[in-house]
Number of protein chains: 2
Amino acid sequence: VVSVGRRPGNVDTRAEIMTAAREVFAEMGYSQATVRGIARRAAVDPALVHHYFTDKARLFVQTMSLPADPYQVKEEASIPNGSTIGERVVERFLAQWEDGGDGPGSASFVAMAQAVTASPAVAKAFREFLAERLRLGDTSDDDPQEWQRRRSLVSSQLIGLGWTRFVMQIEPLASASRVDIASWAGPTVDRYLFGELPGG
Amino acid sequence: VVSVGRRPGNVDTRAEIMTAAREVFAEMGYSQATVRGIARRAAVDPALVHHYFTDKARLFVQTMSLPADPYQVKEEASIPNGSTIGERVVERFLAQWEDGGDGPGSASFVAMAQAVTASPAVAKAFREFLAERLRLGDTSDDDPQEWQRRRSLVSSQLIGLGWTRFVMQIEPLASASRVDIASWAGPTVDRYLFGELPGG
């Protein structure tokens with residue numbers, strides 16, 4: 001019998017593990033989830049999970065939608081033309097976390113927040129992930145330290161918006177439209193990315 | 001025998017319960033701490049804890065240093081004259097959470113983040129606390145909805161800074177001086193408080 005089905009390549013296996021991991025993390029939370037359970041859900045050997053993701057903390061970080069690279073956001077965001085990069089970054093960040101978007105849904109922001117606060121290993125994995133993306137970014141010509149400073153400030157505003165909207169659910173940020181929030185906080189991100197910052 | 005000692009009034013008892021609660025929350029975390037254990041530490045009847053604070057969630061929120069009222073910050077902050085209100089708010093917020101300051105120390109920021117993410121009751125208590133402060137604020141002449149919007153945006157930036165500095169420990173925010181961070185993020189807070197915001 002000749003198999004006519006698509007034979008999964010590496011990319012597919014990796015994606016299937018990520019999908020399984022998102023489900024398991026959402027169902028059980030970070031602490032209760034196991035690599036073994038995620039492998040079972042994805043119908044792969046646990047060794048394969050370790051091969052692709054090293055450990056649970058790094059897998060978790062990969063399954064979370066992190067702030068997109070601001071320089072890649074231009075064409076991707078779904079808000080009106082004429083928006084600034086900062087507005088697009090804010091809109092995209094919120095969309096990633098919201099139900100119905102491409103991302104894992106706002107419940108996952110709470111799961112992320114729980115995991116990071118409960119586990120120094122996850123916080124460390126996040127830092128490593130961010131540092132890696134920093135190096136991979138199209139920023140070889142820039143001052144890496146300056147870029148890191150700007151990026152950490154952008155992260156502070158985005159994470160804070162997620163916290164206020166999804167975890168604390170403080171109004172009006174809890175129920176305002178993404179476009180409205182982008183119009184309020186977008187200029188902040190623009191300044192952190194491109195504006196003049198003292199010292200540094 | 002006439003007692004010459006100070007007889008604790010309500011305020012002292014309340015403060016003693018808060019001190020005991022801070023210790024117990026720091027040692028055991030929010031989930032493990034109990035009203036009974038806090039009362040025992042403060043050497044008071046548990047009913048008194050409920051009398052002053054209603055329940056564990058509300059007690060926890062009261063023990064956490066929340067962002068000071070921006071309008072009260074002017075004289076209190078310890079950064080140079082000539083600073084903007086926004087810079088003072090940022091500096092004060094960070095100082096409140098840091099060891100050696102007046103506040104409960106950065107470990108408590110992590111404890112707060114854990115408690116809020118782990119318990120919807122704590123998140124709700126935080127919201128109620130913020131709403132109450134909102135009403136108590138010296139803002140009766142202002143538009144309350146507009147003030148709430150500005151305040152939620154300020155909260156988003158402050159909470160995000162706390163997260164980036166204390167929980168995620170992303171550099172340079174993790175080890176930059178408070179004054180430096182205030183100079184970077186202060187203008188954001190100024191704009192959220194006093195600047196023009198679209199819509200609303």
Side-chain angles (χ1 to χ4, degrees), chain A residues 29 87 109-118 120 122-124 126-127 130-131 145-146 148-174 176-177 179-189 191-192 195-200, chain B residues 29 87 109-118 120 122-124 126-127 130-131 145-146 148-174 176-177 179-189 191-192 195-200:
Chain A
E87 286 170 331
F109 190 93
V110 179
M112 181 277 283
Q114 282 177 350
V116 170
T117 53
V122 173
K124 184 161 175 289
F126 256 101
R127 283 198 300 278
L130 289 173
Q145 292 221 328
E146 175 66 7
Q148 186 171 10
R149 180 168 71 130
R150 292 179 179 279
R151 184 158 205 140
S152 68
L153 287 164
V154 171
S155 296
S156 79
Q157 178 60 89
L158 295 179
I159 291 170
L161 286 173
W163 242 73
T164 315
R165 182 172 176 86
F166 301 127
V167 180
M168 302 277 291
Q169 299 179 19
I170 297 174
E171 295 294 354
L173 286 179
S177 76
V179 170
D180 276 349
I181 296 175
S183 76
W184 305 334
T188 297
V189 173
R191 190 175 70 85
Y192 289 157
E196 277 202 37
L197 301 176
Chain B
E87 286 170 332
F109 190 93
V110 179
M112 180 277 282
Q114 282 176 350
V116 171
T117 53
V122 174
K124 186 162 174 288
F126 256 102
R127 282 198 300 278
L130 289 174
Q145 292 221 326
E146 175 67 7
Q148 186 169 8
R149 181 169 69 132
R150 292 178 179 279
R151 183 158 204 141
S152 69
L153 286 164
V154 172
S155 296
S156 79
Q157 178 61 89
L158 295 178
I159 291 170
L161 287 173
W163 242 72
T164 316
R165 182 172 176 87
F166 301 127
V167 181
M168 302 277 292
Q169 298 177 21
I170 296 174
E171 295 295 355
L173 287 179
S177 76
V179 171
D180 276 349
I181 297 176
S183 76
W184 306 333
T188 297
V189 173
R191 191 174 71 84
Y192 289 157
E196 276 202 37
L197 301 177

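Values below: every heavy atom of this structure, side chains too, minus hydrogens, waters and symmetry copies. To find a chain, count down the sequence lines: A is the first, B the second, and so on, and within it residues start at 1.
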Please determine, among B:Q157, B:E171, B:R165, the option with the most heavy-atom pairs under 4.5 Å with chain A. B:Q157
Part of B:T164 lying under 4.5 Å from any heavy atom of chain A: side chain
Please report the interatomic distance OG1(B:T117) to CZ(A:F166), rounded to the nearest 0.5 Å. 15.0 Å
At what distance, to the nearest 0.5 angstrom, does CG of B:L153 lie from CD1 of A:I181? 8.0 Å
Portion of B:Q145 that has a non-hydrogen atom of chain A nearer than 4.5 angstrom: neither
Can you say whether B:P187 sits under 4.5 Å from chain A via the side chain, the backbone, both, or neither, judging by heavy atoms? both
What distance separates A:R149 CZ from B:I170 CD1, expressed to the nearest 0.5 Å? 15.5 Å
If you tally heavy-atom pairs under 4.5 Å between each of B:S152, B:A123, B:S183 and chain A, the highest tally belongs to B:S152
Largest heavy-atom contact set with chain A, pairs under 4.5 Å, which of B:G162, B:S156, B:G160: B:S156
B:R191 side chain to A:W184 main-chain N or O, any donor-acceptor pair under 3.5 Å? yes
Less than 4.5 Å to any heavy atom of chain A: does that hold for the side chain of B:E196, its backbone, both, or neither? neither
